[in-house]
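I have placed the structure first, in the form of structure tokens, so that the comments after it can refer back to it.
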Amino acid sequence: MSLAILTKAAELGLIFAVLSLGEYISFRVMDTPDLTVDGSFATGGCVCAMFTINGHPILGLIAGFLAGCLCGCITAFLQTKMKIQPLLAGILTMSGLYSINIRIMQGAPNVSLFSSNTLKPVWTLLSNANTQLFVLIGIVALVAFLLYIFFKTNLGLMLRATGDNEEMIRASSVNVDSMKFLGLGLSNAIVALSGALLVQYQNFADVTSGTGMLVLGLAGIIVGETIFRKHTIASGLLAAVFGAILYRILYTIALKLGFAATDMNLVSAVLVAVTISIPHLKKLRRKNRA
């Protein structure tokens, strides 16, 4: 396998590392599987595409981030104020976002970032192939570092405590609903940033781009946790980053070995299911031996 192919795999891995960092907040910190991800990922990309086409690529990344935050807050509102179960709330938001994303792109299911006059992609942070890898490394490192700092603050500690024991934190006079708004909003904002980066990397946006992103992000976290076994915030963030990169490289190797691209979602789903079940399987094994 050539160095160029591995570099491209690493670049995509870095983009999906941002996705895994976002999912780490909902899946590990808040202990809530959030299905909003499949919708907010595409929303971030759609919003970013429209800003980029109009000559504001950096603003597009910021707008995509904020749009994702709004998506997460909608899910939090359904959970906390409408008393809808978390899984169903995520499904409802994800379903509604499909129509909203088409509206964002002015009725089109997909949009190209290529200029109609020059047939060249419009300028973005990822336009230069020689600097793409370094820009993505910088963005991922910045997001991971800011999350690490945030989780060490009092607000971050309250968010972590909400995921660990909601009843205890409620008894401590902390507004649990506000923590859910914060956690789901931040999680989906980072997920949407990943979608925005993918749009600028591939130079097109599609309303179906979020399909399977929940499982893909979880696969990155699970793969990373086989390497970084310590249950700390630092190791968790590192697991999300390096797991996503490693998973993407393994994905590329699998394609080169002859696996069909259409089979990879199934492989990801099986990987996540088996890995999450390992503690239970070990417990059953010990019980049977006894």
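As a basis for the values below, the full set of heavy atoms in this structure was taken, side chains included, without hydrogen atoms, waters or symmetry mates. Everything numeric in this text was worked out from a predicted model, so none of it was measured.
- The environment of CZ in F242 is sparse: at most 12 heavy-atom neighbours from other residues, nucleotides or ligands sit within 6.0 Å.
- Although no hydrogens or angles enter the test, the distance criterion places no donor-acceptor pair under 3.5 Å between the side chain of S187 and the main chain of G183.
- A continuous path of Ile, Leu, Val, Met, Phe, Trp and Tyr side chains, each step under 4.5 Å between heavy atoms, connects I221 with L186, placing both in one hydrophobic cluster.
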Using atom types as modelled, flag every donor-acceptor pair under 3.5 Å from a side chain in residues 208-216 to any protein atom, sequence neighbours excluded.
from, atom 1, to, atom 2, distance (Å)
T208, OG1, D206, OD1, 2.5
S209, OG, D206, O, 2.9
T211, OG1, T208, O, 3.1

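- Note: the hydrophobic cluster containing L198 also contains V241 (ILVMFWY, side chain heavy atoms under 4.5 Å, direct or indirect links).
- Contact record, A234 with Y148: CB-CE1, 3.8 Å, taken as the closest heavy-atom pair.
- Qualifying side chain to side chain contact (heavy atoms under 4.5 Å, CB included) partners for I84, counting only residues two or more places apart in sequence or in other chains: L78, M82, L88, A89, L92.
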TODO: Using the side chain to side chain donor-acceptor pair (under 3.5 Å) rule, take S127 and T124 through it: C-alpha gap first, then chi angles, then the decisive distance, then the call.
DONE: CA-CA 5 Å; S127 293; T124 68; 3.2 Å; yes

For residues 30-37, run the donor-acceptor check on the side chains, cut-off 3.5 Å, and write out each pair with its distance to 0.1 Å, sequence neighbours left out.
from, atom 1, to, atom 2, distance (Å)
T32, OG1, M30, O, 3.1
D34, OD1, T36, N, 3.1
D34, OD1, T36, OG1, 2.6
D34, OD2, N188, ND2, 2.9
T36, OG1, T75, OG1, 2.6

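- The line from NZ of K120 to CG of N203 is 13.0 Å long, rounded to the nearest 0.5 Å.
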When the side chains of residues 51-69 are checked against the rest of the protein, which donor-acceptor pairs come out under 3.5 Å, sequence neighbours left out?
from, atom 1, to, atom 2, distance (Å)
T52, OG1, C48, O, 2.7
T52, OG1, Q200, NE2, 3.4
N54, ND2, M50, O, 2.7

TODO: Check step by step if side-chain contact (heavy atoms from CB on, under 4.5 Å) holds for F204 and L113.
DONE: CA-CA 5 Å; F204 73 88; L113 299 190; 5.7 Å; no

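- For the pair R248 and Y251, the distance from NZ or CZ to the six-membered ring centre is under 6.0 Å and the angle to the ring normal is within 45 degrees.
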TODO: Walk me through it: do L182 and S178 pass the test side-chain contact (heavy atoms from CB on, under 4.5 Å)?
DONE: CA-CA 6 Å; L182 173 63; S178 296; over 6 Å; no

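- Note: Y201 OH to Q132 CD = 5.0 Å, rounded to the nearest 0.5 Å.
- Put simply, the side chain of T43 does not reach to within 4.5 Å of the side chain of I100, judged on heavy atoms.
- Linking Ile, Leu, Val, Met, Phe, Trp and Tyr residues whenever their side-chain heavy atoms come within less than 4.5 Å leaves I104 and L70 in two separate clusters.
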If you look only at distance, which donor and acceptor atoms sit under 3.5 Å apart when one is on a side chain in residues 105-112 and the other is two or more places apart or in another chain?
from, atom 1, to, atom 2, distance (Å)
S112, OG, F114, N, 3.1

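- Listed here is the closest heavy atom pair of A17 and V140: CB-CG1, 4.3 Å.
- Here the side chains of L197 and I139 are in contact, with some heavy-atom distance below 4.5 Å.
- Relative ring orientation between F16 and F41 is described as parallel, the plane-to-plane angle staying below 30° on a 0-90° scale split at 30° and 60°.
- Among pairs with a residue in residues 232-242, those fulfilling side-chain hydrogen bond (donor to acceptor under 3.5 Å, both in side chains) read T232-S235, at least two apart in sequence or across chains.
- Taking the charged nitrogens against the carboxylate oxygens, K230 and E225 have no contact shorter than 4.0 Å, which rules out a salt bridge.
- The side-chain heavy atoms of V29 and T162, taken from C-beta on, include no pair separated by under 4.5 Å.
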- [ ] Show your reasoning for whether side-chain contact (heavy atoms from CB on, under 4.5 Å) applies to R160 and M179.
- [x] CA-CA 9 Å; R160 292 163 59 186; M179 290 298 103; over 6 Å; no

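- In this structure, T93 contributes its side chain and G90 its backbone to no donor-acceptor pair below 3.5 Å.
- Side-chain contact between I233 and L147: absent, with no pair of heavy atoms (C-beta onward) separated by less than 4.5 Å.
- A donor-acceptor pair under 3.5 Å is absent between the side-chain atoms of S194 and the main chain of I190, judged by distance alone.
- The cluster map of Ile, Leu, Val, Met, Phe, Trp and Tyr, joined by side-chain heavy atoms under 4.5 Å apart, puts F134 and L193 in different clusters.
- Under a hydrophobic-cluster definition in which Ile, Leu, Val, Met, Phe, Trp and Tyr are linked whenever side-chain heavy atoms come within less than 4.5 Å, directly or via other members, V176 and L155 are assigned to the same cluster.
- Of the options V174, L157, N175, a side-chain contact (heavy atoms from CB on, under 4.5 Å) to I169 is made by V174 and by none of the others.
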